[in-house]
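Encoded as structure tokens, the structure appears first; notes follow it.
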Amino acid sequence: MVPALTRTGDRQVVTRQTGVYLQDQIALDDHWRVLLGGRYDWSKSAIDDRIKADSRASDEAFTGRLGVVYVFDNGLAPYASYSESFNPVSGTDGLTGKPFDPEQGRQYEIGVKFQPEGARSFVSLALFDLTKEDYVLSDNRNQSAPAVRRQVGEVNARGVELEALASLAEGLDLRMFYSYTDAFITSSPNTWEKDIRLPYTPKESAGAWLDYTQPSGVLKGLGGGLGVRYTGASRYTGVNAARALNPALEPIASVESQAYTLLDASVHYSLSGVRLALNASNLLDKEYDASCSEVGCSYGYGRTVTASASYGW
């Protein structure tokens, strides 16, 4: 006997956002540069639910941006910046049933970039501190139920990013990057959730990409590249929606997604502003766990080939 089907959701969600912004980069003299920016956003969200109650929400916010850099004659450029963000989120909290509040964030960053005058090669180092309020998490309840999306009070991510471009020869470039991120839930309506690592956020990632483009001759503009990407292990904390509903439940043991390394490749051709490209990610079609929770793991994307065409002027 086939069990009766139960409709658990039937809704239409419409979100509109309008924003105006102004930004100016000012050269105070031969060395000092200042970036000033401001933006004002209005957002409206309407949820027409045929099973539960309808809901309406509207929000508005001003966000700003400030950056300062000093450019030395030898190409060294230390900088500092502060920026804010406003991000309306569609849907309702799976635990409270209320429409999501917009995510709002603020980021502090200091760093230094070195690029000799007239050279393509550069190296940059940045330290950042990013805080987001009303961050949306997805929690699995069990194997037979969909994930619950809910908001926590605040999350924080601190880390370092290193990027470099080495121009090895005419037409031959090597790009490299490395990042380390420490991300935690810093505030939540559930006090036991404070200081828990942010799910699905790897601490480390790195990569390198070697690309060659023929600079002259009959094959001018034809090129290709080969790259490798490393993603470190990430952890699901085991703090799921079931415990959010009943804090007395024992937490489930943490589950860790293993680190993985993927190979990518590209073939491209550029002529008179037209660029044609064929890109392959996960070239070797490697199987890997993109994320894990207490109910299982999800495979990452297999080999993916994408063709593109663009024109620049």
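A donor atom on one side chain and an acceptor atom on the other are not found under 3.5 Å apart for Q151 and Y135. Between the side chains of Y178 and E204, at least one donor N or O sits under 3.5 Å from an acceptor N or O. Side chains of H268 and N279: a donor-acceptor N/O pair is absent below 3.5 angstrom, by distance only. Side-chain atoms of T201 and S234 include no donor-acceptor pair closer than 3.5 Å.
Other residues, nucleotides and ligands place more than 12 heavy atoms under 6.0 Å from the NZ atom of K286. When the shell of 6.0 Å around OH of Y299 is examined, it contains 12 or fewer heavy atoms from other residues, nucleotides or ligands. Shown here is Y21, whose OH atom has no more than 12 heavy atoms of other residues, nucleotides or ligands within 6.0 Å.
Hydrophobic cluster membership differs between V160 and L198, with clusters built from Ile, Leu, Val, Met, Phe, Trp and Tyr side chains linked at under 4.5 angstrom. L35 and L28 end up in different hydrophobic clusters when Ile, Leu, Val, Met, Phe, Trp and Tyr side chains are linked at under 4.5 Å. With hydrophobic clusters built from ILVMFWY side chains whose heavy atoms lie under 4.5 angstrom apart, L127 shares a cluster with V123. Tracing side-chain contacts under 4.5 Å through hydrophobic residues (I, L, V, M, F, W, Y), one reaches L66 starting from W32; they form part of the same cluster. Put simply, Y180 and L125 are part of the same group of oily side chains (I, L, V, M, F, W, Y) that touch within less than 4.5 Å, one to the next.
Summarising the geometry, atom CD belonging to E170 is positioned 8.5 Å from atom CD belonging to Q214; distances are rounded to the nearest 0.5 Å. Atom-to-atom distance recorded for D264:CG and L284:CG is 9.5 Å, nearest 0.5 angstrom. F177 CZ to Y230 OH: the interatomic distance, rounded to the nearest 0.5 Å, is 11.5 Å. In this structure, the separation between CG on D59 and CG on D41 is 10.5 Å, given to the nearest 0.5 Å. The structure places CZ of F86 at 12.5 Å from CD of E133, a figure rounded to the nearest 0.5 Å. Taken from CG in L276 to OG in S270, the straight-line distance is 8.0 Å, to the nearest 0.5 Å.
Put simply, the side chain of S85 gets close to the backbone of G105: a donor and an acceptor are under 3.5 Å apart. A donor-acceptor contact shorter than 3.5 Å is absent between the side chain of N87 and the backbone of E103. Side-chain atoms of S43 do not come within 3.5 Å of backbone N or O of R16 as any donor-acceptor pair. Between the side chain of T304 and the backbone N or O of G302, at least one donor-acceptor pair lies under 3.5 Å. Distance alone, capped at 3.5 Å, places no donor-acceptor pair between the Y301 side chain and the A290 backbone. T181 places no side-chain N or O within 3.5 Å of a backbone atom of K203 that could act as its donor or acceptor partner. Looking at R303, its side chain does come within 3.5 Å of a backbone N or O of L283 through a donor-acceptor pair. Here the side chain of N156 pairs a donor or acceptor atom with the backbone of L130 at under 3.5 angstrom.
For E163, the side-chain hydrogen bond (donor to acceptor under 3.5 Å, both in side chains) criterion is met by no residue, not counting sequence neighbours.
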Please tabulate, one pair per line, all N/O donor-acceptor pairs under 3.5 Å involving side-chain atoms of residues 109-118, not counting sequence neighbours.
residue, atom, partner, partner atom, Å
E109, OE1, Q107, NE2, 3.0
E109, OE2, Y79, OH, 2.6
Q115, NE2, A119, O, 2.9

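Hydrophobic cluster of L172: the remaining members, joined at side-chain heavy-atom separations below 4.5 Å, are L168, L174, M176, L210, Y212, listed by chain and number.
Using a 4.0 Å cut-off between charged side-chain N and carboxylate O, R39 and E84 make no salt bridge. Contact check on D182 versus R158 returns no salt bridge, with no Lys/Arg side-chain nitrogen under 4.0 Å from an Asp/Glu carboxylate oxygen. Between R120 and D173 there is a salt bridge, with a side-chain nitrogen of the basic residue lying less than 4.0 Å from a carboxylate oxygen of the acidic one.
Results of the side-chain contact (heavy atoms from CB on, under 4.5 Å) test with L36 over L22, I26, V68 single out I26 as the only residue that passes.
Between F72 and Y70, the angle of the ring planes goes over 60°, which puts this pair in the perpendicular group of the 30/60° scheme.
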Decide side chain to side chain donor-acceptor pair (under 3.5 Å) for E154 and T186; before the verdict, give the C-alpha distance in whole Å, the side-chain angles of both, and the deciding distance to 0.1 Å. CA-CA 5 Å; E154 183 181 272; T186 52; 2.9 Å; yes

For E60 and Y40: C-alpha separation, side-chain torsions, deciding distance, then whether side chain to side chain donor-acceptor pair (under 3.5 Å) applies. CA-CA 7 Å; E60 57 186 83; Y40 205 92; 2.6 Å; yes

Could you walk me through whether S205 and S179 pass the side chain to side chain donor-acceptor pair (under 3.5 Å) test, one step at a time? CA-CA 5 Å; S205 61; S179 68; 2.6 Å; yes

